[in-house]
Amino acid sequence: MRGYYGLLPGVVAKHCKFYKMNRRLSPAAGPWLSGCRHQQGVKIHRRMAIWPATAREHMDTKDPRPLYIRNGILRQNINFIVALAQRPHRHPQDQDTPMVNLRSQKRLAAAVAGVGKRKIWLDPAEQAEIANANSRSHVKKLIKDGRVIIKPTVMHSRARTRDLLAAKRKGRHTGPGKRKGTAEARLPTKVQWMRRQRVLRRLLRKYREAGKIDKHLYHSLYQKSKGNVFKNKRVLMEYIHKAKAEKNRTKVLTDQMEARRVKNKAARDRRAERLAQKRQDILALEHEAVQE
């Protein structure tokens, strides 16, 4: 257990019940937390309270991270540390009690807590009391009293992996020295083709359902996409805009030609009517002249 309470930083006091009380921690917290105190209700003394055997080792290290991170103790799993700090401090070396086989008690505690046996910590200073526990209720009481403590889960952090992936998305760490396969093996051209076709066909479906293109233009663009005419979605969108503009221009020209044709036809009809009226007038005059 030296890794848990032999190298604890003073900042862990921030998470115990003494944080909001403007006084030192209780002497019962043990030598590993005796150097921690609350300062002005805002900060915690940053001095690390460690065992004398590891003081020089702590001073020589160049790692700027706190000790509770270096030793795998996470801030969210601080209950184990607080339980250690709050229990009565009696070192097992101060007592002349022989070692007791606590295998069954550890098994019971693991079953009660729903964790593995390696997550169970038995207080070495309370071996006699723990040895008397022969029932699940008694073990529950020991857990409640802090004689038996459940160790926190040691997490496998993905923070460094997330940072690396974020850098790779920006293009870092992807040079020739980091590549293990050919370009075809890393990203096959068939995969690129399938992705591009799916993007283009999805866009065509979306435009057709929205009424932006009709079924005839959809079919034409679908065949062109399959024929590798468009290398990406931007090119396809530009082609659609140009095709729609050309279609509108053609429609306007067609309407103008139709209107001009209708107008000319009307003019021809009027002219034919005038000519027919003139002929009738001339024939009527000639008929009158003959009768006289």
Shared hydrophobic cluster for [X] and [Y] (ILVMFWY, side-chain gaps under 4.5 Å):
X: Trp193; Y: Leu221; result: no
X: Val229; Y: Ile240; result: yes
X: Tyr222; Y: Met194; result: no
X: Val148; Y: Val115; result: yes

## Note on the structure
Residues pairing under salt bridge (charged side-chain N to carboxylate O under 4.0 Å, His left out) where one sits in residues 208-218, two or more places apart or in two chains, turn out to be Asp214-Lys247
Reported [atom1]-to-[atom2] distance for the pair [X] and [Y], which is rounded to 0.5 angstrom:
X: Lys106; Y: Leu108; atom1: NZ; atom2: CG; value: 13.0 Å
X: Gln127; Y: Asn101; atom1: CD; atom2: CG; value: 10.5 Å
X: Arg172; Y: Leu165; atom1: CZ; atom2: CG; value: 14.0 Å
X: Lys263; Y: Gln256; atom1: NZ; atom2: CD; value: 12.0 Å
X: Met257; Y: Asn264; atom1: CE; atom2: CG; value: 11.0 Å
X: Gln192; Y: Lys231; atom1: CD; atom2: NZ; value: 13.0 Å

### Message
Which residue in the set Arg202, Arg195, Arg196 passes side-chain contact (heavy atoms from CB on, under 4.5 Å) when paired with Val199?
### Response
Arg202
Do [X] and [Y] have side chains that get closer than 4.5 Å, going by heavy atoms?
X: Arg249; Y: Glu246; result: yes
X: Asp123; Y: Ile149; result: no
X: Glu286; Y: Leu283; result: yes
X: Arg103; Y: Arg107; result: no
X: Arg274; Y: Lys278; result: no
X: Thr174; Y: Arg179; result: no
X: Leu204; Y: Leu236; result: yes

### Query
Would you say the side-chain atoms of Asp145 pair up with the backbone N or O of Arg147, donor to acceptor, closer than 3.5 Å?
no
#### Entry: Side chain Arg118, main chain Gly116, donor-acceptor under 3.5 Å
no
Looking only at heavy atoms, which two atoms of [X] and [Y] are closest? And how far apart?
X: Lys224; Y: Tyr239; answer: CE-OH, 3.2 Å
X: Leu203; Y: Lys233; answer: CD2-CG, 3.4 Å
X: His287; Y: Gln291; answer: NE2-NE2, 2.7 Å
X: Leu142; Y: Ala133; answer: CD1-CB, 3.6 Å
X: Phe230; Y: Ser225; answer: CD1-OG, 3.5 Å
X: Ile120; Y: Lys151; answer: O-CE, 4.1 Å

### Task
Decide, yes or no, whether a salt bridge links Arg261 with Glu258 under the criterion of side-chain N to carboxylate O below 4.0 Å.
yes
### Within 6.0 angstrom of His173 NE2, more than 12 heavy atoms from elsewhere
yes
### Message
With a sphere of 6.0 Å drawn around OH of Tyr218, does it hold more than 12 non-hydrogen atoms of other residues, nucleotides or ligands?
### Response
yes
